[in-house]
> 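My structure is below; once you've seen it, I'll send some questions.
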Amino acid sequence: MGRLNRNESILTTLAEMYPDAKCALIFRNPFELLIATILAAQATDKSVNKITPGLFSRFPTPESMLSLTQEELEQEIKSIGLYKNKARNILATCRLLVEKYGGQVPSVRVDLESLPGVGRKTASVVLAEAFQIPAIAVDTHVFRVSNRLGLAQGKDVVKTEEDLMKNIPMDQWRIAHHWLIIHGRQVCHARKPACGDCALTAYCRHHTGNDYDEEGEAK
DNA sequence: AACTCGGGGCA
DNA sequence: TGCCCAGAGTT
């Protein structure tokens with residue numbers, strides 16, 4: 001086996017740090033993943049996982065979820081916060097799934113992003129996790145960790161999903177998202193990263209004092 | 001680009 | 001008590 005380049009070494013180390021990396025949301029099918037991911041926006045995976053098993057056992061399909069009034073759904077999801085917008089969006093999405101997509105979750109990005117409450121990131125999560133379609137879901141954690149690690153080779157900055165795809169081998173696109181986001185949540189925090197728990201400090205711009213701020217520019 | 005949604009977990 | 005959370009929609 002040949003010598004690993006910089007990004008290959010980083011990804012190999014991440015794989016060793018998080019051997020059990022997987023989607024943090026509990027789901028059994030595309031519909032459950034879609035709803036769980038809409039719920040997970042600006043909430044913690046733990047808080048979402050606390051309510052979704054009970055919710056999905058009683059309302060496992062878009063048709064059955066439409067038996068809820070918005071007020072009833074708000075009460076079901078109240079504990080995760082931002083519940084009014086999410087309840088409205090989820091019911092509107094269920095309506096579209098039934099009326100336009102035969103009760104199924106579409107596997108095309110433009111269709112997914114046309115659903116209320118579904119943006120770029122949620123669409124990528126569903127494409128990659130539910131349909132095994134090449135995509136990398138990117139969020140603030142993924143951008144922060146990617147740029148601290150300098151995954152964009154040299155001085156370039158990862159700003160888009162496409163930027164990240166260019167710098168990660170395609171066979172690792174799906175799992176790399178989980179490595180990066182878990183690392184961001186558990187170790188590589190935005191404010192006070194736990195560098196003592198990190199095996200990647202040798203590659204890290206934060207650790208060497210050349211971190212990137214929220215604009216993606218060198219500090 | 002800035003603003004809004006938000007109850008709950010955790011230090 | 002204060003800070004922050006697996007974003008998206010609106011202005």
Side-chain angles (χ1 to χ4, degrees), chain A residues 14 17-18 20-28 30-56 70-97 105-106 109-131 135-148 158-161 164 173-194 196-197 213-217:
Chain A
L14 283 168
M17 292 177 75
Y18 308 109
D20 300 319
K22 63 180 186 300
C23 183
L25 302 175
I26 297 173
F27 66 95
R28 295 172 296 187
F31 175 69
E32 291 190 0
L33 176 63
L34 174 65
I35 301 303
T37 308
I38 292 174
L39 290 172
Q42 294 300 101
T44 59
D45 56 330
K46 288 183 181 177
S47 70
V48 173
N49 288 335
K50 193 172 177 182
I51 65 171
T52 47
L55 185 67
F56 294 149
Q70 184 172 327
E71 290 71 23
E72 289 169 340
L73 183 53
E74 285 177 5
Q75 290 309 308
E76 291 281 342
I77 68 175
K78 193 176 172 75
S79 64
I80 66 170
L82 306 181
Y83 56 92
K84 288 181 183 291
N85 286 343
K86 289 176 180 176
R88 184 177 64 249
N89 287 337
I90 286 171
L91 289 180
T93 283
C94 287
R95 227 167 276 131
L96 277 172
L97 292 182
V105 176
R109 178 178 291 281
V110 291
D111 292 335
L112 284 166
E113 292 188 8
S114 75
L115 300 171
V118 180
R120 175 85 192 188
K121 191 222 168 177
T122 299
S124 292
V125 168
V126 172
L127 289 172
E129 292 297 323
F131 298 114
I136 303 180
V138 289
D139 61 9
T140 60
H141 300 297
V142 172
F143 286 130
R144 181 181 68 255
V145 174
S146 297
N147 285 320
R148 281 179 175 169
V158 175
K159 294 177 180 171
T160 67
E161 181 170 358
L164 200 55
W173 282 359
R174 185 163 173 274
I175 189 66
H177 161 69
H178 298 300
W179 292 334
L180 295 169
I181 200 163
I182 292 170
H183 190 56
R185 282 288 287 144
Q186 298 184 358
V187 178
C188 196
H189 308 119
R191 299 290 169 76
K192 293 177 62 180
D197 299 328
D213 63 18
E214 293 175 359
E215 306 301 320
E217 303 295 334

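Given the structure is predicted, the values throughout are model-derived calculations rather than measurements. As a basis for the values below, the full set of heavy atoms in this structure was taken, side chains included, without hydrogen atoms, waters or symmetry mates.
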> Could you tell me how far apart A:Phe143 (CZ) and C:dG7 (C1') are, to the nearest whole angstrom?
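Taking atom C1' of C:dG7 as the reference, CZ of A:Phe143 is at 12 Å.
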> Looking only at the aromatic ring of each residue, does the gap between the centers of A:Tyr18 and A:His183 stay below 6.0 angstrom?
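That pair passes the under 6.0 Å test.
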> I'd like to check the side chain to side chain donor-acceptor pair (under 3.5 Å) partners of A:Asp197; sequence neighbours left out, ordered by chain and number.
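None.
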> Return the polar atom pairs (N/O with N/O) between nucleotides 9-11 of chain B and the protein under 3.5 Å, or none.
from  : atom 1 : to      : atom 2 : distance (Å)
B:dG9 : OP1    : A:Lys50 : NZ     : 3.2

> Using a cut-off of 4.0 Å on non-hydrogen atoms, how would the nucleic acid contact of A:His141 be classed: base, sugar-phosphate, or nothing?
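Sugar-phosphate, no base atom in range.
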> Under 4.0 Å, heavy atom to any atom of DNA chain B: which of residues 71-83 of chain A qualify?
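Contacting residues: A:Lys78, A:Ser79, A:Ile80, A:Gly81, A:Leu82, A:Tyr83.
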> Nearest whole angstrom, please: distance from the C1' of C:dG9 to the CD of A:Glu113.
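Atom-to-atom, A:Glu113 to C:dG9, this comes out as 13 Å.
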> Closest heavy-atom contact between A:Val145 and A:Gly184?
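Closest pair (atom of A:Val145, atom of A:Gly184, distance): CG2-CA, 3.6 Å.
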> Once you apply a heavy-atom cut-off of 4.0 Å, does A:Thr122 come out as touching a base, just sugar-phosphate, or nothing?
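Sugar-phosphate contact only - A:Thr122 comes under 4.0 Å of backbone atoms but never of a base.
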> Rounded to the nearest angstrom, tell me the gap between atom CD1 in A:Ile51 and atom C1' in B:dG6.
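So the two atoms are 13 Å apart, to the nearest Å.
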> Is A:Leu115 touching bases, backbone alone, or none of the nucleic acid, heavy atoms closer than 4.0 Å?
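Sugar-phosphate contact only - A:Leu115 comes under 4.0 Å of backbone atoms but never of a base.
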> With rounding to the nearest 0.5 Å, note down the distance linking CG in A:Leu34 to CG in A:Leu112.
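One finds 7.0 Å between CG of A:Leu34 and CG of A:Leu112.
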> Rounded off to whole Å, could you give me the CG-to-C1' distance for the A:Asn85 and C:dT10 pair?
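Rounded to whole Å, this separation is 10 Å.
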> Do A:Gln70 and A:Glu74 meet the criterion of a side-chain donor-acceptor pair at a distance under 3.5 Å?
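There is such a pair between these side chains.
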> Between A:Gln42 (CD) and C:dG9 (P), how many Å, whole number?
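Checked: the CD to P distance equals 13 Å.
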> Over how many whole Å does the gap from A:Lys121 atom NZ to C:dA8 atom P extend?
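Taking NZ of A:Lys121 and P of C:dA8, I get 7 Å after rounding.
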> Apply side-chain contact (heavy atoms from CB on, under 4.5 Å) to A:His141 and A:Leu180, showing your working.
CA-CA 7 Å; A:His141 300 297; A:Leu180 295 169; over 6 Å; no
> What heavy-atom pair brings A:Asp45 and A:Ala24 nearest, and what distance separates the two atoms?
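Closest heavy-atom pair between A:Asp45 and A:Ala24: OD2-CB, 3.3 Å.
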> Taking all heavy atoms of A:Ala123 and all of A:Arg109, pick out the closest pair and write down the distance.
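Minimum heavy-atom contact is CB-NH1, 3.9 Å.
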> Which sits closer to the 5' end of DNA chain C, A:Pro116 or A:Leu25, going by the nucleotide each is nearest to?
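Its nearest nucleotide being more 5', the pick is A:Leu25.
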> How do A:Ala43 and A:Val118 order along DNA chain C: which one's closest nucleotide is nearer the 5' end?
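That would be A:Ala43.
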> Side chains of A:Pro106 and A:Leu97: does their closest heavy-atom pair fall under 4.5 Å?
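Yes, close enough: below the 4.5 Å cut-off.
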> How far, in whole Å, is B:dG6 from C:dT10 if one measures between their P atoms?
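It comes out at 14 Å once rounded to the nearest Å.
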> Considering every strand and a 4.0 Å limit on heavy-atom distances, what is the contact class for A:Lys84: base, sugar-phosphate, or nothing?
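Sugar-phosphate contact only - A:Lys84 comes under 4.0 Å of backbone atoms but never of a base.
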> So what does A:Val48 touch, heavy atoms closer than 4.0 Å: a base, only the sugar-phosphate, or nothing?
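Result for A:Val48 = nothing.
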> Tell me: CZ of A:Arg88 to C1' of C:dT10, nearest whole Å?
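Taking CZ of A:Arg88 and C1' of C:dT10, I get 10 Å after rounding.
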> So that I can tick it off, tell me whether A:Glu161 and A:Lys121 are bridged by a salt bridge, with the cut-off set at under 4.0 angstrom between side-chain N and carboxylate O.
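Here A:Lys121 does not pair with A:Glu161 in a salt bridge, since their nearest N and O are not under 4.0 Å apart.
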> Between atom CD1 in A:Ile90 and atom P in C:dG9, what is the gap in whole Å?
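My rounded result for the distance is 12 Å.
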